[in-house]
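Counting from 1, the numbers follow the sequence of the chain as shown.
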Amino acid sequence: MAGPERAHLDLAERFARAQRRRLLGRRAPWLARAASGAGLPADLGEHGAASVRAVALAAEGAVIDEGLARLAEARAHGGAREVGTPMEALWRLAVEPEGDARGALAASLSRSIRDPALALAGAFARVLERAAEAGVPEVASEADERAAKLLIAATEDPVRDVLDWATVRLGRGRREKLSWSDSFRALWNRPAELRLRPAADPWPALAGWRARIGAPLEDDVGLEAAPATIGWGSWAVRAGGKARIGVAAPPGAPRWRLALQSIGRWDALREGGRRAFLPADPASAELLPSLWPLLLADRLFLERGVGAPGVDLDDVRRLALSELLCARLGAAAVLVRRGFQESRSVEGARGEAADRFRVALYAPIAPELGLLLCAPWQPSSSEPRAILAAIGLASELRERFDVDWWRNPRVWPELRRIASEAGTATLPPQPAERAPLDRWIVEKLGA
């Protein structure tokens with residue numbers, strides 16, 4: 001193996017070494033440390049349903065930490081050889097050319113993550129019980145379900161068409177059925193991700209971009225209201241000194257995506273203070289984190305903001321495909337949660353995850369991996385209502401401030417207003433229209 005494939009394995013090996021030492025960018029324990037000493041309130045009338053769910057998750061922090069630790073210690077095998085952690089196995093699946101080898105590795109990965117995945121799902125079932133006792137019977141509402149179904153239906157044909165194209169361009173023949181490793185390969189944008197440099201933490205480059213356009217990240221406004229150290233998905237904020245946000249993700253496009261999401265969450269914390277961690281509506285809290293990653297499918301942003309040379313239309317299509325696959329994964333997670341809150345059955349959720357994520361990725365997926373993609377240890381992630389609203393917001397900003405709206409100083413008061421309301425605002429229960437999503441698909445995918 002040589003060329004780009006060998007380079008990907010080298011990146012994977014370096015990343016895997018870092019992942020052995022940390023998960024989600026921090027040393028264990030994760031959720032319990034984030035919640036300890038915070039004294040977060042959870043009054044349904046004053047703070048909203050999402051805050052109750054967040055505190056219910058924090059109450060299970062120690063159990064969830066144990067499940068995450070077991071997940072980090074799991075090992076998958078390819079034939080007689082140990083491949084390594086689940087993340088290493090995903091990397092190998094994304095570059096493995098042989099179908100039989102991919103099948104054996106996928107089966108081994110499923111076995112290795114089964115127990116911690118089921119343990120995390122059990123903790124989530126207890127979170128539902130705690131939230132229900134506090135007056136919040138739903139962790140996914142009917143509005144979330146409607147948005148998830150709309151998003152999946154609207155992206156079904158164009159994403160499948162471009163996914164077929166992308167897998168052919170990345171070395172898979174049309175005569176073969178898609179496997180979920182093909183979808184992951186497209187999700188991680190090989191080889192388009194090689195153009196997105198640096199492969200390490202992109203935060204310094206994004207901080208420089210923000211400083212050039214008049215929105216520096218060093219402003220500490222609002223940090224005094226936050227606990228000393230907080231972890232939220234892929235990011236960590238440290239107050240009492242220079243603010244830092246670390247991104248733990250595979251190199252290339254996924255790392256850039258998580259860094260762009262972190263900008264949205266950082267804005268919400270800076271402008272909205274501690275209430276950003278106890279949002280009245282999870283979808284509203286995810287609006288800016290869903291807005292910024294859309295720029296990865298913007299050639300002008302890639303060239304002038306990221307500094308990625310030689311971006312062509314094929315790269316843009318792959319990056320747009322990745323965003324829509326992430327959106328479909330988020331929608332599938334909402335539908336699994338919706339079924340989970342009704343059945344409270346871990347085994348039932350396991351079966352539903354297998355079905356929902358097969359539809360989202362167009363290929364069978366290990367049900368345990370589907371459970372993990374639901375990210376039950378996070379109060380919110382990949383909210384379909386937020387994704388649909390973010391695409392509409394991007395369209396509005398483009399009309400008001402031109403195609404390079406993200407460089408226009410007049411856009412920042414509007415974004416700061418949205419960030420300051422992240423903890424208290426609520427998004428409309430139903431997207432007003434799907435026209436912005438359809439336009440985005442046609443523009444980015446050419447579908």
Side-chain angles (χ1 to χ4, degrees), residues 23-24 26 28-45 47-74 86 113-142 144-145 148 227 230-233 277-282 285-286 330 332-354 356-357 366-383:
L23 185 66
L24 302 179
R26 312 183 55 214
W30 299 281
L31 185 63
R33 175 187 290 173
S36 63
L40 301 178
D43 182 84
L44 178 60
H47 303 287
S51 67
V52 175
R53 292 197 294 267
V55 173
L57 279 166
E60 293 290 327
V63 177
I64 294 173
D65 277 347
E66 181 181 354
L68 289 173
R70 291 171 62 191
L71 183 64
E73 294 166 359
I113 66 176
R114 176 183 170 85
D115 290 343
L118 293 178
L120 288 167
F124 191 45
R126 290 190 294 275
V127 167
L128 294 182
E129 293 173 0
R130 289 177 182 272
E133 291 171 359
V136 183
E138 294 185 330
V139 73
S141 67
E142 290 184 7
D144 296 326
E145 182 180 26
I230 299 174
W232 191 348
F277 292 96
L278 293 172
D281 181 357
E286 291 291 310
V334 165
L335 295 176
V336 173
R337 291 173 183 172
R338 180 78 176 164
F340 197 12
Q341 73 188 18
E342 295 175 358
S343 69
R344 305 293 173 91
S345 166
V346 173
E347 280 301 319
R350 180 176 177 270
E352 188 165 8
R356 296 292 188 185
F357 284 95
E368 292 79 16
L369 187 57
L371 282 179
L372 292 178
L373 287 172
C374 291
W377 54 88
Q378 295 183 12
S380 62
S381 63
S382 301
E383 297 282 349

Return the set of residues passing ring-ring contact (aromatic ring centres under 6.0 Å, His included) with F340 (not counting sequence neighbours), or none when no residue passes.
F124
For residues [X] and [Y], report the shortest heavy-atom separation together with the two atoms involved.
{"X": "A353", "Y": "L371", "answer": "CB-N, 3.9 Å"}
{"X": "I113", "Y": "L369", "answer": "CD1-N, 3.7 Å"}
{"X": "E145", "Y": "L335", "answer": "CG-CD2, 3.8 Å"}
{"X": "L373", "Y": "A333", "answer": "O-CB, 4.2 Å"}

Sorted by chain and number, sequence neighbours left out, salt bridge (charged side-chain N to carboxylate O under 4.0 Å, His left out) with E368 holds for R114, R350
Pairwise distance CD(E129) to CZ(R344) - rounded to 0.5 angstrom
6.0 Å
Does Q341 reach the side chain of R337, with side-chain heavy atoms less than 4.5 Å apart?
no
Close side-chain approach of D281 and E383, heavy atoms under 4.5 Å
no
Please identify each residue that fulfils side-chain hydrogen bond (donor to acceptor under 3.5 Å, both in side chains) with R70, with sequence neighbours left out.
none
